[in-house]
Amino acid sequence: MSAAAVRDRANSVLAAGERGDLGHFSVHPGKLEAVADYVVAVIRDRYPNLDVPYHARWRHFAVGGHDRWALLAKQRLGQASSEERARVRFELAITSVLLDAGAGEAWSYLEPATGTRYARSEGLAVASFDLYASGRLSALPQNPLRADAAALKTFSFNALKQEFQVSQDNPLAGAEGRAALIRRLGEAVGAQPAVFGQEGRLGGLFDYLSSDARAGRLHAETILRAVIESLGPVWPGRIVREGRNLGDVWPHPAVQRGDPKDPTDGLVPFHKLSQWLSYSLVEPLEEASIAVADLDALTGLPEYRNGGLMIDLGVLQARDPALLAEPQRVDSEGVIEWRALTVALLDRLAPLVRERLGVTAAQFPLARVLEGGTWAAGRRIARELRKDGAPPIRLDSDGTVF
């Protein structure tokens with residue numbers, strides 16, 4: 001239940017790959033040099049001055065050249081305290097990230113304010129931004145910019161269909177799973193007054209974390225631990241150990257160590273959305289004058305753009321062509337293997353990227369490598385190789401993992 005565990009077990013899978021012992025992929029680390037060249041070209045193209053922000057949900061809120069958060073804050077939070085701004089930013093980021101699982105290839109969102117249509121992550125970001133701004137996640141009509149247990153618990157599938165413009169002609173992958181995720185979020189917020197306050201407000205997580213800061217500093221792992229522990233109940237029950245739902249954690253034979261005393265033997269964790277969310281909470285904390293230390297304690301994100309980059313540029317090669325030809329379940333061994341390899345390979349890629357850019361790890365943490373970066377490079381190479389820009393592995397998503 002930590003980023004350190006994600007990194008440790010992902011490296012066990014990579015070690016097995018380098019020995020040739022994996023069932024689904026062969027690993028060709030020598031091709032990482034070419035990947036680094038490609039990623040650096042993408043970074044220099046997108047950020048010529050190397051002024052790369054963190055990989056976070058806030059980037060998607062500015063799609064199309066419109067800084068939606070800045071406009072919302074100016075128009076509706078002008079007199080708010082820095083603490084209240086942080087609570088609102090926490091709520092916006094959390095709800096948006098939880099709704100961010102892959103949209104599928106057929107869905108898009110027509111933004112009412114601009115008349116522009118967006119798809120995939122950008123479309124989900126704009127739709128979830130509009131959902132939060134509408135006040136539909138608040139039980140207090142006089143205070144629409146909030147998300148509280150009372151409103152979250154009653155969020156319906158029909159409400160999601162309406163807000164996200166879902167129809168037979170505009171299908172959203174895992175739509176029902178997303179609505180259920182928001183309802184479970186409401187249950188989790190209402191059940192933890194020590195974290196979210198007696199009023200059951202999602203933004204109470206900011207107050208909980210800020211009270212844990214020491215001399216205005218908070219460790220990145222502290223953020224992730226709070227996210228995993230407080231939001232753990234929202235994930236579908238998959239693997240449970242000692243009464244805890246482990247969330248984005250899956251079995252793989254490469255991490256079986258034969259330890260009968262370890263109830264997690266044979267399991268590889270990812271916590272992808274929890275880590276994506278932790279990255280997205282850094283900027284609200286920094287705006288509230290709370291510095292986040294050791295951001296590189298978090299790992300690269302095992303999702304289909306970072307992982308697709310490794311396949312499309314030949315670092316990973318599928319042993320069975322069917323893995324790339326047929327839709328894969330997220331709990332399939334091949335997908336679990338792909339995700340673990342992606343985490344470990346991103347750690348190896350980051351120093352190569354920094355060396356080429358002439359920057360240090362302190363100047364260019366993994367959160368910037370991802371943003372600059374591997375995620376954008378994964379999307380770019382997918383568009384170069386496939387007309388629809390889809391990842392090399394097609395995923396049967398339930399709306400709660402990718």
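The analysis underlying the following values was restricted to heavy atoms, covering all of them including side chains, and did not include hydrogens, waters or symmetry mates.
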So, [X] and [Y], do they make that salt bridge, N to O below 4.0 Å?
X: D37; Y: R356; answer: yes
X: E371; Y: R368; answer: no
X: D148; Y: R146; answer: yes
X: D130; Y: R68; answer: no
X: R59; Y: E283; answer: yes
X: D388; Y: R386; answer: no
X: D265; Y: R241; answer: no
X: D21; Y: R319; answer: no
X: E287; Y: R85; answer: yes
X: D8; Y: R257; answer: yes
X: E105; Y: R394; answer: no

[X] vs [Y] side-chain heavy atoms within contact, under 4.5 Å:
X: N11; Y: V343; answer: no
X: Q192; Y: Y208; answer: no
X: L345; Y: L316; answer: yes
X: L349; Y: T374; answer: yes
X: L309; Y: W375; answer: no
X: V189; Y: L185; answer: yes
X: S211; Y: L209; answer: no
X: P327; Y: L395; answer: no

Next item on the list: Run the numbers on S274 and L231 for side chain to side chain contact (heavy atoms under 4.5 Å, CB included), then give the verdict.
Entry: CA-CA 8 Å; S274 295; L231 302 183; over 6 Å; no
Minimum-distance pair of heavy atoms, taken over all atoms of [X] and [Y]:
X: L281; Y: A93; result: CD2-CB, 4.2 Å
X: S210; Y: D207; result: OG-O, 3.0 Å
X: P193; Y: Q198; result: CB-NE2, 3.6 Å
X: V330; Y: I336; result: O-CG1, 4.1 Å
X: F164; Y: L131; result: CE1-CD2, 4.1 Å
X: S138; Y: N143; result: OG-O, 2.9 Å

Next item on the list: To the nearest 0.5 Å, tell me how far S156 OG sits from K161 NZ.
Entry: 10.0 Å
Margin query: Once rounded to the nearest 0.5 Å, what's the spacing between atom CD of E122 and atom OG1 of T116?
Written below: 12.5 Å
Within the distance-only criterion (no hydrogens, no angle test), does the side chain of [X] pair as donor or acceptor with the backbone N or O of [Y] below 3.5 angstrom?
X: S332; Y: R329; result: yes
X: E303; Y: R305; result: yes
X: Y38; Y: I381; result: yes
X: R339; Y: P302; result: yes
X: Y109; Y: S128; result: no
X: Q328; Y: E326; result: yes
X: R178; Y: A173; result: yes
X: R354; Y: V359; result: no
X: H28; Y: G30; result: no
X: D312; Y: P392; result: no

Which side-chain N or O atoms in residues 70-79 pair as donor and acceptor under 3.5 Å with protein atoms at least two apart or in another chain?
residue : atom : partner : partner atom : Å
R76     : NH1  : A133    : O            : 3.1
R76     : NH2  : A133    : O            : 3.3

Check: Can the ring centroids of H252 and W338 be said to lie less than 6.0 angstrom from one another?
Finding: no
Margin query: Looking only at the aromatic ring of each residue, does the gap between the centers of F206 and F90 stay below 6.0 angstrom?
Written below: yes
Notebook entry, point to check: Can Q275 and T299 be said to form a side-chain hydrogen bond (donor to acceptor under 3.5 Å, both in side chains), step by step?
Noted result: CA-CA 8 Å; Q275 293 205 76; T299 76; 2.8 Å; yes
Next item on the list: Determine, step by step, whether L202 and T95 satisfy the side chain to side chain contact (heavy atoms under 4.5 Å, CB included) criterion, reporting the C-alpha distance in whole Å, the side-chain angles of both residues, the deciding distance to 0.1 Å, and the verdict.
Entry: CA-CA 9 Å; L202 182 56; T95 54; 3.8 Å; yes
Would you check if there is a donor-acceptor pair between the side chains of [Y] and [X] at a distance under 3.5 Å?
X: T264; Y: R9; answer: yes
X: D248; Y: H271; answer: no
X: N306; Y: T342; answer: no

Next item on the list: Can you spot which of V97, L172, L99 makes a side-chain contact (heavy atoms from CB on, under 4.5 Å) with L124?
Entry: L172
For [X], look at atom [atom1] and say whether over 12 heavy atoms of other residues, nucleotides or ligands are found less than 6.0 Å away.
X: F157; atom1: CZ; result: yes
X: Q142; atom1: CD; result: yes
X: R46; atom1: CZ; result: yes
X: E384; atom1: CD; result: yes

Margin query: As a quick check of understanding, evaluate side chain to side chain contact (heavy atoms under 4.5 Å, CB included) for Q162 and R136, giving each step before the final call.
Written below: CA-CA 11 Å; Q162 180 181 349; R136 200 156 193 166; 3.4 Å; yes
Checklist line | Verdict with supporting geometry, R348 and E18, salt bridge (charged side-chain N to carboxylate O under 4.0 Å, His left out) | finding: CA-CA 13 Å; R348 293 202 184 174; E18 290 183 309; 2.6 Å; yes
Notebook entry, point to check: So W58 and F61, would you call those rings parallel, tilted or perpendicular, with 30° and 60° as cut-offs?
Noted result: perpendicular
Next item on the list: Before giving the answer on side chain to side chain contact (heavy atoms under 4.5 Å, CB included), spell out for L323 and F25 the whole-Å C-alpha distance, their side-chain angles and the decisive distance to 0.1 Å.
Entry: CA-CA 10 Å; L323 186 62; F25 286 96; 3.3 Å; yes
Notebook entry, point to check: How far apart are the C-alpha atoms of E111 and T114, what are their side-chain angles, what is the distance that settles it, and do they pass the side-chain hydrogen bond (donor to acceptor under 3.5 Å, both in side chains) test?
Noted result: CA-CA 6 Å; E111 184 179 24; T114 64; 2.7 Å; yes
Checklist line | Residue of the set Y279, W276, F364 for which ring-ring contact (aromatic ring centres under 6.0 Å, His included) holds with H55 | finding: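 It is W276, the one option of Y279, W276, F364 that forms the ring-ring contact (aromatic ring centres under 6.0 Å, His included) with H55.
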